Colleague: 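Dropping a structure here in structure tokens format, bear with me for questions.
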Amino acid sequence: MRVRMAPSPTGSPHVGLVRTALFNYAFAKHAELTGRGGTFVLRIEDTDKERSTEESYTAILELFRWLGLTWDEGVEVGGSYGPYRQSERGDLYRDVLGKLRESSYTYDCYCRNDEVEARRKESGSKVMGYDGFCRELSPEQRDAFVAEGREPLVRFRMPDGSITWDDLVRGEVTFETQFVPDFALCRANGDPLYTLTAPVDDATMRITHVLRGEDLLSSTPRQIALFEAMRAIGVAEATPLYGHLPYVMGEGNKKLSKRDPQAHALAYRDQGFLPEGLLNYVALLGWAIAADRDVFTLEEMVEAFDIADVNANPARFDLKKAEAINTAHLRMLPVEEITHRALPFLKAAGVVGDPVRDADAQLLELAMPLVAERVNKLAEVADMLGFLFVDEADFTRDEADVAKLLDETGRGVVKAAHDAVAALDTWSTQAIQDALQATLVDEMGLKPRVAYGPVRVAVTGRRVSPPLFESMELLGRERSLARLASAL
RNA sequence: GCUCCGUUCGUCUAGUGGCCUAGGACGCUGGCCUCUCACGCCGGAAACACGGGUUCGAAUCCCGUACGGAGUACCA
């Protein structure tokens with residue numbers, strides 16, 4: 001089985017693209033796993049030179065690599081059916097177009113848009129699109145158009161009757177071809193259009209299963225008809241099976257649009273999502289591994305995936321749940337791995353330098369266990385640990401937290417805490433805890449939360465922080481005392 | 001307008017005619033744990049769009065209605 005992902009490099013890659021890519025990947029890998037052979041092809045649909053950009057192309061590859069959706073064949077990695085960028089396949093399209101033009105499956109069309117529009121108004125037809133005016137042009141009519149200097153485009157002649165296919169996710173779907181107008185295969189200047197390139201590529205790359213977004217559902221009858229023609233002229237061997245995946249929706253009832261910040265797939269990476277977390281969440285949009293389970297790995301998905309189980313109804317992207325699933329994956333990682341993955345975020349935030357100094361690396365190793373179980377996204381590591389790494393001169397406290405906890409009485413507590421730990425012989429978590437407990441809780445009779453709140457703000461700068469005593473141990477005696485003192 | 005697709009808790013879903021007084025998850029919410037936060041644990045509220053069939057029996061099959069979405073390009 002050969003499947004393909006065929007994004008067009010326009011704009012920043014969308015989470016809907018991630019979902020479609022994931023399902024294609026899982027489909028191919030599951031086929032491979034079960035001995036049916038599975039090849040995942042990545043092809044770039046950049047026929048529209050106006051809209052395609054190199055930035056977008058780069059971003060798409062970056063995204064696939066980050067996600068670990070490795071393609072067996074396609075751009076950059078090659079394969080026997082390349083090239084894999086449509087912009088480099090012009091000769092092929094021209095060749096097929098030539099053959100099609102010699103057949104009766106297409107005809108040259110000289111109409112201008114406004115003329116088609118005017119005719120429709122006049123006839124009152126309910127079908128939009130082309131009306132077939134040039135289907136049976138007489139030689140005289142054609143000569144007249146040519147004499148006017150008109151350039152023809154090649155239009156596909158939709159057959160009469162209906163077109164039915166067994167959609168992999170929706171079951172049987174039928175279109176009456178009277179509602180599917182003849183469509184253009186190329187521009188008047190000869191540039192091939194998506195309507196031609198996608199089927200030609202699927203045919204020549206021997207794609208067996210096409211899994212794509214629901215938005216392409218209505219172009220499927222045209223592609224199936226084109227495949228019939230390509231088979232007749234010897235360009236295609238078989239028509240692929242089609243499966244149309246439901247939309248990924250945003251807020252409200254709209255398809256997640258590129259304008260929506262939630263739509264940008266790489267933004268999740270930049271916020272510190274784990275690729276396995278995003279992938280897992282996105283898999284849930286239309287598919288379930290089991291009735292009572294929703295955290296799983298890519299490998300587990302590959303093993304269980306069956307396109308027939310995919311839901312046909314659109315799903316809303318829920319950031320909260322995406323984060324929860326991501327958190328679950330974060331919890332499954334060993335601390336060293338989280339450290340490794342958090343490093344780029346720590347560097348970007350300036351918490352550690354690049355390269356990391358030995359002392360910082362050591363401190364990080366000790367500090368990570370404190371926060372590994374508390375963060376939901378990698379970027380949060382930097383927020384939580386900043387206070388440990390910052391130079392004393394740059395250390396600041398959250399103003400709101402200071403106002404709330406370091407008032408008159410708060411400062412009294414901090415003073416007592418300072419004196420209690422200043423007397424310590426050994427600077428350890430246990431010793432610090434014992435000393436503070438003895439003085440603040442036992443002697444002064446404060447409730448623990450009242451006692452430790454001000455100390456926490458004094459030392460870490462925030463009301464919410466990693467565990468206090470451990471933090472003080474890691475900060476060291478000198479710096480801890482200095483911060484307690486500076487809070488007074 | 002026309003064509004096609006869709007409709008189970010707020011959201012994602014399980015459910016393929018009897019196991020459903022509809023299960024799980026996120027979110028929300030009550031409590032426990034607790035030096036903050038988070039984790040963890042125990043509880044709670046919350047759904048088969050509507051109307052007709054078919055059937056001994058329907059969330060599940062069929063038809064209609066309503067609602068939602070998409071497509072309707074010399075974009076992909």
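All figures in this text were calculated on a predicted structure; none of them were measured in a lab. Each chain gets a letter, A, B and so on, in the order its sequence line appears, and its residues count up from 1.
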Colleague: Starting at atom OH of A/Tyr194, determine the distance to atom P of B/C74, rounded to an integer number of angstrom.
Modeller: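 Going from A/Tyr194 (OH) to B/C74 (P), I get 15 Å.
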Colleague: Given B/C12, B/U36, B/U13, identify the nucleotide with an atom nearest to the side chain of A/Ala288.
Modeller: B/U13
Colleague: Indicate, with a heavy-atom threshold strictly under 4.0 Å, whether A/Phe469 touches base, sugar-phosphate, or nothing.
Modeller: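 Base: the residue A/Phe469, judged by heavy atoms under 4.0 Å, touches a nucleobase.
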Colleague: Picking from B/C74, B/C12, B/A76, which would you name as closest to the side chain of A/Arg316?
Modeller: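 Comparing B/C74, B/C12, B/A76 against the side chain of A/Arg316, the answer is B/C12.
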Colleague: Given A/Leu211 and A/Ile307, is the side chain to side chain contact (heavy atoms under 4.5 Å, CB included) satisfied, shown in steps?
Modeller: CA-CA 9 Å; A/Leu211 306 183; A/Ile307 187 68; 3.9 Å; yes
Colleague: Just compare B/C75, B/C37, B/A14 and give me whichever is closest to any side-chain atom of A/Ala291.
Modeller: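 Minimum distance to the A/Ala291 side chain belongs to B/A14.
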Colleague: Using both distances under 3.5 Å as the test, list the Watson-Crick or G-U wobble partner of B/U72, or none.
Modeller: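 B/U72 is paired, partner B/G1.
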Colleague: Closer than 4.0 angstrom, basic N to acidic O: yes or no for A/Arg150 and A/Glu115?
Modeller: yes
Colleague: Please give the nucleotide sitting opposite B/C20 as a Watson-Crick or G-U wobble pair, both distances under 3.5 Å, or none.
Modeller: none
Colleague: Could you check which of B/A70, B/U3, B/G24 has an atom nearest any side-chain atom of A/Lys321?
Modeller: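 So the side chain of A/Lys321 is nearest to B/G24.
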Colleague: For B/C42 versus B/U7, give the span between their P atoms, rounded off to a whole number of Å.
Modeller: 34 Å
Colleague: Scan A/Pro7 against the nucleic acid and name what it touches under 4.0 Å (heavy atoms): base, sugar-phosphate only, or nothing.
Modeller: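 Result for A/Pro7 = nothing.
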Colleague: From the options B/U36, B/U16, B/C35, select the nucleotide whose nearest atom is closest to the side chain of A/Pro448.
Modeller: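 For A/Pro448, the side-chain atoms sit closest to B/C35.
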Colleague: Atom CG of A/Asp306 to atom P of B/G15: distance rounded to whole Å?
Modeller: 12 Å
Colleague: Quick one: label A/Ala188 by what it contacts on the DNA or RNA (base, sugar-phosphate, nothing), any heavy atom closer than 4.0 Å.
Modeller: base
Colleague: By nearest atom, which of the nucleotides B/G71, B/G24, B/C12 is closest to the A/Asp292 side chain?
Modeller: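 Nearest to the side-chain atoms of A/Asp292, counting from C-beta on, is B/G24.
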Colleague: Would you mind telling me which residue lines up with the more 5' stretch of RNA chain B, A/Glu151 or A/Ala324, judged by nearest nucleotide?
Modeller: A/Ala324
Colleague: Can you tell which of B/C5, B/U72, B/G6 lies closest to the side chain of A/Met128?
Modeller: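 The answer is B/U72.
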Colleague: For B/C56 and B/U72, measure between their P atoms and round to the nearest Å.
Modeller: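 The same atom, P, in both gives a distance of 47 Å.
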Colleague: Describe the nucleic acid contact of A/Leu436 in one word from base, sugar-phosphate, nothing, applying a heavy-atom distance below 4.0 Å.
Modeller: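 Nothing: the residue A/Leu436, judged by heavy atoms under 4.0 Å, touches no strand.
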Colleague: With side chain to side chain donor-acceptor pair (under 3.5 Å) as the test, would you mind laying out the steps for A/Ser428 and A/Glu473 before giving the verdict?
Modeller: CA-CA 5 Å; A/Ser428 69; A/Glu473 178 183 333; 5.4 Å; no
Colleague: Taking only the side-chain heavy atoms of A/Arg187 (C-beta and beyond), determine which of B/G10, B/C75, B/C35 contains the nearest atom.
Modeller: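 Of the options given, the side chain of A/Arg187 lies nearest B/C75.
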Colleague: Between A/Ala322 and A/Trp287, which has a closest nucleotide on RNA chain B that is more 5'?
Modeller: A/Trp287
Colleague: So what does A/Thr47 hit on the nucleic acid, given a heavy-atom distance under 4.0 Å: a base, only sugar-phosphate, or nothing?
Modeller: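 Answer is sugar-phosphate: A/Thr47 comes under 4.0 Å of backbone atoms only.
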Colleague: B/G15 and B/G40: how far apart are their C1' atoms, nearest whole angstrom?
Modeller: 31 Å
Colleague: Return the value, rounded to whole Å, for the distance between atom CD1 of A/Ile325 and atom P of B/U13.
Modeller: 13 Å
Colleague: Under 4.0 Å from OP1 or OP2 of B/A14: is there any side-chain N or O of A/Asn311 that close?
Modeller: yes
Colleague: Could you check which of B/U36, B/C26, B/C5 has an atom nearest any side-chain atom of A/Leu217?
Modeller: B/C5
Colleague: Among B/C2, B/C35, B/G1, which nucleotide has an atom closest to any side-chain atom of A/Phe179?
Modeller: B/C2
Colleague: Please state how far atom CG in A/Leu245 lies from atom C1' in B/G6, giving the value in whole angstrom units.
Modeller: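 In whole Å, B/G6 C1' lies 14 Å from A/Leu245 CG.
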Colleague: To the nearest Å, how far apart are A/Lys121 NZ and B/C2 C1'?
Modeller: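 After rounding, the gap between these two atoms is 17 Å.
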Colleague: Any N or O donor-acceptor pair linking the side chain of A/Arg293 to the base of B/U13 at under 3.5 Å?
Modeller: no
Colleague: To the nearest angstrom, how far is A/Gln86 atom CD from B/C75 atom P?
Modeller: 14 Å
Colleague: Considering Watson-Crick and G-U wobble pairs with both distances under 3.5 Å, what does B/U7 pair with?
Modeller: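 Matched B/U7 with B/A66 under the 3.5 Å cut-off.
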Colleague: Taking it one step at a time, do A/Arg119 and A/Cys111 satisfy side chain to side chain contact (heavy atoms under 4.5 Å, CB included)?
Modeller: CA-CA 11 Å; A/Arg119 287 199 298 265; A/Cys111 295; 3.3 Å; yes
Colleague: Round to the nearest Å and state the distance from A/His244 atom NE2 to B/G69 atom C1'.
Modeller: 15 Å
Colleague: If you look at every strand shown and take non-hydrogen atoms under 4.0 Å, does A/Glu470 touch a base, only sugar-phosphate, or nothing?
Modeller: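 Base contact - A/Glu470 has a heavy atom under 4.0 Å of at least one base atom.
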Colleague: Given B/C39, is OP1 or OP2 found less than 4.0 Å from the side-chain N or O atoms of A/Asn376?
Modeller: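 Checking A/Asn376 against B/C39: no side-chain N or O falls below 4.0 Å of OP1 or OP2.
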Colleague: Could you please name the partner base of B/A14, counting Watson-Crick and G-U wobble pairs only when both distances are under 3.5 Å?
Modeller: none
Colleague: Quote, to the nearest angstrom, the C1' distance that separates B/U55 from B/U60.
Modeller: 13 Å
Colleague: Does CD in A/Gln271 sit with more than 12 non-hydrogen atoms of other residues, nucleotides or ligands closer than 6.0 Å?
Modeller: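 Yes, CD of A/Gln271 has more than 12 neighbouring heavy atoms, counting only those of other groups under 6.0 Å.
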Colleague: Is any side-chain nitrogen or oxygen of A/Ser8 closer than 4.0 Å to OP1 or OP2 of B/C75?
Modeller: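 No, A/Ser8 has no side-chain N/O under 4.0 Å of OP1/OP2 on B/C75.
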Colleague: By the 4.0 Å heavy-atom rule, please label A/Gly453 as base, sugar-phosphate, or nothing.
Modeller: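 No contact.
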Colleague: Nearest-Å distance, NZ (A/Lys320) to C1' (B/U11)?
Modeller: 11 Å
Colleague: Under a 3.5 Å limit for both distances, which nucleotide forms a Watson-Crick or G-U wobble pair with B/U36, could you say?
Modeller: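 The answer is none; no pair meets the criterion.
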Colleague: C1' atom, B/U21 versus B/A47: distance in rounded Å?
Modeller: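 About 14 Å, rounded to a whole number of Å.
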Colleague: Taking B/G71 as the reference, what is the distance to B/C9 when you measure between their P atoms (whole Å, please)?
Modeller: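 Looking at atom P only, B/C9 and B/G71 are 25 Å apart.
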Colleague: Ring centroid separation for A/Tyr110 and A/Phe133, is it under 6.0 angstrom?
Modeller: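 When the ring centroids of A/Tyr110 and A/Phe133 are compared, they turn out to be at least 6.0 Å apart.
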Colleague: My understanding is that a pair needs two contacts under 3.5 Å, Watson-Crick or G-U wobble. By that rule, which nucleotide pairs with B/U54?
Modeller: none
Colleague: Can you check the distance between B/C61 and B/G18, where both ends of the measurement are the C1' atom (answer in whole Å)?
Modeller: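 It works out to 15 Å between them.
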Colleague: Give a yes or no on whether a donor-acceptor pair under 3.5 Å exists between the nucleobase atoms of B/C35, that is its base, and the side chain of A/Arg449.
Modeller: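 Answer is no: no donor-acceptor pair is held.
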Colleague: For A/Asp108, run the salt bridge (Lys or Arg N to Asp or Glu O under 4.0 Å) check against A/Arg135, A/Arg142, A/Arg101 and tell me which one passes.
Modeller: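 The residue from A/Arg135, A/Arg142, A/Arg101 that satisfies salt bridge (Lys or Arg N to Asp or Glu O under 4.0 Å) with A/Asp108 turns out to be A/Arg101.
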Colleague: Is it true that A/Phe273 and A/Tyr281 have ring centroids separated by less than 6.0 Å?
Modeller: no
Colleague: Between B/C67 and B/A49, how many Å separate the two P atoms, rounded to a whole number?
Modeller: 16 Å
Colleague: Indicate, with a heavy-atom threshold strictly under 4.0 Å, whether A/Leu153 touches base, sugar-phosphate, or nothing.
Modeller: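 Answer is base: heavy atoms of A/Leu153 come under 4.0 Å of a base.
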Colleague: Using the ring of A/Phe183 (Phe, Tyr or Trp, six-membered ring only), decide whether A/Arg222 places NZ or CZ under 6.0 Å from its centre and within 45 degrees of its axis.
Modeller: yes
